[in-house]
Amino acid sequence: MRELPAALTFDLDPDIFDESISSSNARTRLSWRGISEGVPAIRDALDAFAPGVAVTWFVRVDNQIADIYGRPGYLLEQHRPLFEALRARGDEIAWHPHLYRRAGEGWEQETDDAALLTAMQAAIADMRGLGFDPRCGRIGEAYGSTGLMAAFDACGIPFDSTAMSGRKRVDGERSIDWLSTPRTAYRPSKADHRVPGHPAHDVMEIPMSMLKVKADYDAEPFLRYLDLSYRTEAVAGGMDALVSEVPYLVAVTHPSALMPDFAPKGGHGLLSFDLENMTRTLRLLAETAEAKGRDLTFTTLGALGDRIAKELGRDADAA
C-alpha cells in the first residue's frame, strides 16, 4: 500500500471567526473557549480515534493581538500550561499571524511589504521570547504575497501552509489569490509567490488540501480546504478523488466549529459544531484510503515538511 501521510492542523482563532457564524458585532467581542475548552476536547477525541497521534496547533501571535491584549504572544502566555503540555506530548506549536492594520474603527489587510516584515519580526520575537520557536506558519485569511515569503525567510521560518490551491477571491473582505498554485509543496518563485521557479525563496509552501465540498446552500460542489468541522456528508463526495490523487494531506480546522455552543440558531449548512463529526470524517478518510490502497498515517506539519524537503532536495521546486 502507498503511504498517505496526513497533517491535522488547527487554527486557534477567536471563537467567532467567520461572518456565517455570527454578526460583525459579535466578532469584535473576542472569546477563546476554542483554546481553553476545545483544544483539550479535540485532543481527547483524537486519542480515542488514533492513540498518540501528533497534530499541529496554529496559535495567533501578531500585531492585532498585541493591540488588543498588550503583546503579540498573549495567548501563549495566557495558556502556557496547555501549550507546554501539548508540546511535551509531541504536538507541534505553530504560528498563525493575522496581519492587519487599523482602518478607522476596524481593521484591514496589511499589504505593505515593509509593514508586514516589521509586524512579523515583532511577533516572532515575542513568540520565541516565550520559549516557542515555530517552524511552520500560516497567514490569516489566506493572504499571500512575495513580500510575505521574503518576511518568512527573514524570520527563519522553513515552512508555510497558507496557499489554497485553485482558489481566488479578491474583494472588500478578502484578498485570496492562489488560482495558479500547484496542489503539492514547492519553493515559491521570487517573481511570483504562487508558483515554483528560480530564483526561489527559502521557505517551502505546503498548500492546504483542497477538495470539492457541497454545503447545504451550494448549488454545486465548491473547492474548499479539507476541514474536519465540515459536515461529513459535505466532504464525502470529494473524498475519493482527493485520496486517489494527492501524495499527502493537510487538513485545517477551527476548534470552535466543533463546539455546539457556537452553532448559529437554525444550524449551519456547512459547519457541524459537533466533535463527533470530526471522528466520522476521520473514519471516512481512513476507509477511503484503505479502499484506494493507501496507508493513512498522521504527522505534524513540520515533520511532513522535513520529509518533503528531503525528497525534494534543497534546490528543487515542487514535489
With side-chain contact (heavy atoms from CB on, under 4.5 Å) as the criterion, how do H201 and K190 come out once you've worked through the C-alpha distance, each side chain's angles and the decisive distance to 0.1 Å?
CA-CA 6 Å; H201 291 281; K190 289 188 176 182; 3.8 Å; yes
Return yes if some donor-acceptor pair links the side-chain N/O of [X] with the main-chain N/O of [Y] below 3.5 Å, else return no.
X: W178; Y: A142; answer: yes
X: Y248; Y: I308; answer: no
X: R2; Y: K292; answer: no
X: D153; Y: V203; answer: yes
X: S256; Y: D15; answer: yes
X: E205; Y: T162; answer: yes
X: R71; Y: A66; answer: no
X: D91; Y: V55; answer: yes
X: S31; Y: R33; answer: no

Ring pair (Phe, Tyr, Trp, His ring centres under 6.0 Å) with H254: of F273, Y230, F17, only one passes, and it is F17
List the atom of [X], the atom of [Y], and the distance in Å for their closest heavy-atom pair.
X: R231; Y: H268; result: NH2-O, 2.7 Å
X: A123; Y: P72; result: CA-CB, 3.9 Å
X: E92; Y: L301; result: OE1-N, 3.2 Å
X: P255; Y: G34; result: CB-O, 3.4 Å
X: A154; Y: Q121; result: CB-NE2, 4.2 Å
X: A54; Y: R43; result: CA-NH1, 4.4 Å

Value rounded to 0.5 Å, distance of [atom1] in [X] from [atom2] in [Y]:
X: C155; Y: M127; atom1: SG; atom2: CE; value: 11.5 Å
X: L116; Y: L148; atom1: CG; atom2: CG; value: 5.0 Å
X: R80; Y: F132; atom1: CZ; atom2: CZ; value: 5.5 Å
X: M278; Y: L258; atom1: CE; atom2: CG; value: 6.5 Å
X: E290; Y: L296; atom1: CD; atom2: CG; value: 10.5 Å
X: R60; Y: W32; atom1: CZ; atom2: CH2; value: 5.0 Å

Hydrophobic cluster membership, [X] vs [Y], 4.5 Å side-chain cutoff:
X: L130; Y: F83; answer: yes
X: L117; Y: I157; answer: no
X: L285; Y: L223; answer: yes
X: L179; Y: M210; answer: no
X: M204; Y: V195; answer: no

Would you give me the side-chain donor-acceptor pairs under 3.5 Å for residues 233-241, sequence neighbours excluded?
none

With a 4.5 Å limit on heavy-atom distance, are the side chains of [X] and [Y] in contact?
X: L46; Y: L282; result: yes
X: T297; Y: P5; result: yes
X: N63; Y: L99; result: yes
X: S209; Y: Y225; result: no
X: V246; Y: L4; result: yes
X: P196; Y: R187; result: no
X: L211; Y: P221; result: no
X: P40; Y: L82; result: yes

Is it the case that [X] and [Y] place a side-chain donor and acceptor less than 3.5 Å from each other?
X: D62; Y: H98; value: no
X: E141; Y: Y100; value: yes
X: S272; Y: S229; value: no
X: T9; Y: R138; value: yes

Pair L270, Y217 - check side-chain contact (heavy atoms from CB on, under 4.5 Å), show working.
CA-CA 8 Å; L270 179 60; Y217 46 76; 3.6 Å; yes
Is the number of heavy atoms from other residues, nucleotides or ligands within 6.0 Å of CD (E3) greater than 12?
yes
Testing L8, T253, L242, V252 for side-chain contact (heavy atoms from CB on, under 4.5 Å) with L226, which one passes?
L242
Report the C-alpha separation of I93 and E84 in whole Å, then their side-chain angles, then the decisive distance to 0.1 Å, and conclude whether the side-chain contact (heavy atoms from CB on, under 4.5 Å) test is met.
CA-CA 9 Å; I93 308 302; E84 287 184 342; over 6 Å; no
Please list all pairs meeting ring pair (Phe, Tyr, Trp, His ring centres under 6.0 Å) that have one or both residues in residues 38-58, counting only residues at least two apart or in different chains.
F10-W57
Note: [X]-[Y] ion pair, threshold 4.0 Å (strictly below):
X: D218; Y: R224; result: yes
X: D306; Y: R135; result: yes
X: R283; Y: E287; result: no

V250 vs L304, test: side-chain contact (heavy atoms from CB on, under 4.5 Å). Steps then yes/no.
CA-CA 9 Å; V250 178; L304 178 62; 4.1 Å; yes
Taking T232 as the fixed residue, which of N277, T279, D274 is the one that meets the side-chain hydrogen bond (donor to acceptor under 3.5 Å, both in side chains) rule?
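That would be N277.
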Kindly assign one of parallel, tilted or perpendicular to the pair Y74 and Y69, based on the angle between their ring planes and the thresholds 30° and 60°.
parallel
